[in-house]
Protein chains: 2
Amino acid sequence: MLKTPYLLFLGDAPDPLAAKVAQGVKDWRPEFALAQHRLHGCKADLGLPEMSIAEARAAGAQTMIVGAANRGGVIAQNWRASLIEACRAGMDVASGLHNQLGDIAELVAAARDAGTRLFDVRVPQDTYPIADGKKRAGKRCLAVGTDCSVGKMYTALAMEKTMRERAMKATFRATGQTGILITGSGIPLDAVVADFMAGAVEWLTPDNDGDHWDLIEGQGSLFHPSFSGVTMALIHGGQPDALVLCHEPTRTHMRGLPHYGLPSLEELRDLSLAVARIVNPEVRVTGISVNTAALSPEEAAECLSAIESRMGLPTVDPFRDGAERLVDALEA
Amino acid sequence: MLKTPYLLFLGDAPDPLAAKVAQGVKDWRPEFALAQHRLHGCKADLGLPEMSIAEARAAGAQTMIVGAANRGGVIAQNWRASLIEACRAGMDVASGLHNQLGDIAELVAAARDAGTRLFDVRVPQDTYPIADGKKRAGKRCLAVGTDCSVGKMYTALAMEKTMRERAMKATFRATGQTGILITGSGIPLDAVVADFMAGAVEWLTPDNDGDHWDLIEGQGSLFHPSFSGVTMALIHGGQPDALVLCHEPTRTHMRGLPHYGLPSLEELRDLSLAVARIVNPEVRVTGISVNTAALSPEEAAECLSAIESRMGLPTVDPFRDGAERLVDALEA
């Protein structure tokens with residue numbers, strides 16, 4: 001969908017975390033990350049070549065990615081001149097922020113005049129079918145979580161990277177705006193109309209070679225009452241052959257819902273399998289990914305080892321340890 | 001949402017089944033069904049007073065309901081003059097068909113000039129919040145099915161009717177276009193954007209008296225891969241206290257999916273409870289509703305009795321037998 005390579009626009013990001021979308025591109029698709037462009041006061045720095053918009057265009061940049069968010073998660077007023085300049089220089093512009101490029105009249109006019117395109121990746125760009133539930137060729141792995149935001153996207157991206165290093169056929173399939181900007185395509189599943197959710201996932205992960213793996217980005221959690229319907233559609237549209245359970249061991253309640261405790265990994269395993277078997281009786285849980293960022297190295301090692309012996313499944317923090325063992329389990 | 005009473009427009013419905021929306025109004029909300037209006041060649045007849053549009057308006061009709069569907073499920077070209085006439089006479093017009101009243105320029109102009117409103121009930125009319133999963137006062141009953149279209153709406157409407165006859169506090173909550181047209185309000189859940197599905201259901205079934213029951217219209221099935229995400233959101237947004245299992249015993253495969261068999265009632269019970277307990281640990285399955293329309297009276301009695309003894313739950317066909325025993329179980 002998005003043309004590459006990218007110029008990563010960091011704006012005046014107040015800190016490195018605010019530029020996490022751009023950081024994600026640099027980490028996972030370094031070949032797309034041609035250069036960065038920053039405004040005065042920007043506190044993020046990806047260590048990429050610093051280019052003006054004209055320089056980046058001359059160097060071959062095809063799309064300027066809005067790679068940062070300000071505090072409101074919107075396109076800031078003082079960013080607009082840069083976005084317009086990118087259009088005039090002949091680049092497409094892509095954003096995953098809450099307000100839309102397509103609602104900024106001056107920008108729309110600039111893109112039209114220049115013949116370039118604006119991509120609001122939170123807005124579905126395609127028409128999706130109703131799911132038909134038919135078995136598709138190729139293999140699929142889906143990360144499911146005890147909660148939202150426990151590392152499902154990171155896990156799938158790390159597995160894809162490891163698989164490609166091993167010359168396995170593997171494709172990360174993005175289902176949210178950050179993943180779409182990083183990889184250049186995908187579906188913003190939480191913005192799809194209810195009837196078409198599962199069909200959108202089928203569309204995203206079509207027939208493929210028998211030895212090809214789709215690594216499908218998870219969304220929400222079957223145990224998160226606000227978003228469980230999205231997760232369900234992802235499981236039934238995705239028809240996973242393999243599930244990886246994702247968990248954050250210091251979380252005390254479901255994200256945003258202080259009155260809901262987290263399920264155990266056993267509960268997540270059992271409900272995910274019960275639901276996934278409806279579309280694929282052969283589905284297996286192949287591993288566990290634990291986000292131990294809040295733990296010391298010793299605590300992390302102890303936590304992973306305890307979960308591994310309790311659950312009888314390869315258990316890693318892919319950020320600390322890589323995804324090798326999760327991929328070994330897929331190959332097994 | 002919709003103003004009552006209604007003039008039920010049957011158009012030139014090719015047979016009685018084509019007028020099932022209007023029939024539903026007459027069956028379940030007879031107090032809303034002021035009159036019918038038919039075109040030449042109409043093969044449906046509700047037995048209501050036959051009125052011209054002007055007569056119906058003079059008799060107090062507030063809304064003309066498009067109560068029939070032609071073969072394409074769209075608003076027929078030869079119906080437009082009647083819809084425009086209704087607007088000009090001062091009535092709102094409501095439709096649940098696939099194409100929209102709001103896309104017919106002449107009709108939009110007529111409504112604007114007359115100061116009347118057009119309701120396309122397949123289109124969400126409200127902005128819904130993200131679900132917060134908080135416990136709400138009052139009781140809720142949800143019909144869940146082994147498949148789509150097995151009688152969930154009928155079951156909930158029949159239970160509401162019985163409860164009102166017993167002077168219990170009960171409200172049918174519509175989640176699809178037919179239910180919305182029948183009762184005048186609700187949410188078209190399958191047209192809601194994914195992130196807001198569960199929140200829409202919470203919005204639909206707010207806090208109520210402790211002894212009040214919402215009878216929530218079911219959608220889809222946890223076992224139907226095309227629509228299971230909608231069902232999941234309905235369970236988690238609805239926080240049911242009671243589940244009624246709905247089934248059609250002659251169905252050989254999931255509706256529209258010849259490669260998927262139906263789950264057993266045991267599987268439906270177990271998965272529905274596992275999912276519903278996440279939001280309400282006290283939830284119970286209270287009864288079973290079987291659509292035996294395809295069976296003879298003897299076969300139906302045998303089927304109901306066999307299921308009842310196998311499952312240990314009150315089992316009825318509410319169309320044949322009424323919903324008394326399903327309501328008894330709620331009261332117990």
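Each chain gets a letter, A, B and so on, in the order its sequence line appears, and its residues count up from 1.
Rounded to the nearest 0.5 angstrom, A:S228 OG and B:I278 CD1 are separated by 7.0 Å. A distance of 12.5 Å separates CZ in B:F223 from CZ in A:R277, rounded to the nearest 0.5 Å.
Within the 4.5 angstrom heavy-atom criterion, no atom of A:K135 approaches chain B. With a threshold of 4.5 angstrom between heavy atoms, A:E202 does not approach chain B through any atom at all. Heavy atoms of A:V192 lying under 4.5 Å from chain B belong exclusively to its backbone.
With chain B as partner, the option from A:M232, A:K134, A:H224 having the largest number of non-hydrogen pairs under 4.5 angstrom is A:M232. Per-residue counts of heavy-atom pairs under 4.5 Å with chain B were compared for A:G133, A:A198, A:A233; the largest is that of A:G133. Put simply, of B:P129, B:P124, B:P225, the one with the most heavy-atom pairs under 4.5 Å next to chain A is B:P225. For the options B:D132, B:L234, B:L189, B:V275, heavy-atom pairs under 4.5 Å to chain A are most numerous at B:D132.
For B:S226 against A:A131, the heavy-atom pair with the smallest separation is OG-O, 2.6 Å.
Taking the side chain as every heavy atom from C-beta outward, B:M197 and A:M197 approach each other to under 4.5 Å.
The interface of residues 250-273 of chain B with chain A, defined by heavy-atom distances below 4.5 Å, comprises B:L257, B:H259, B:Y260, B:L271. For a heavy-atom cut-off of 4.5 Å, chain A lies close to B:L222 in residues 212-222 of chain B.
Screening A:V193, A:D195, A:I130 for a side chain to side chain contact (heavy atoms under 4.5 Å, CB included) with B:D190, the sole residue that qualifies is A:D195.
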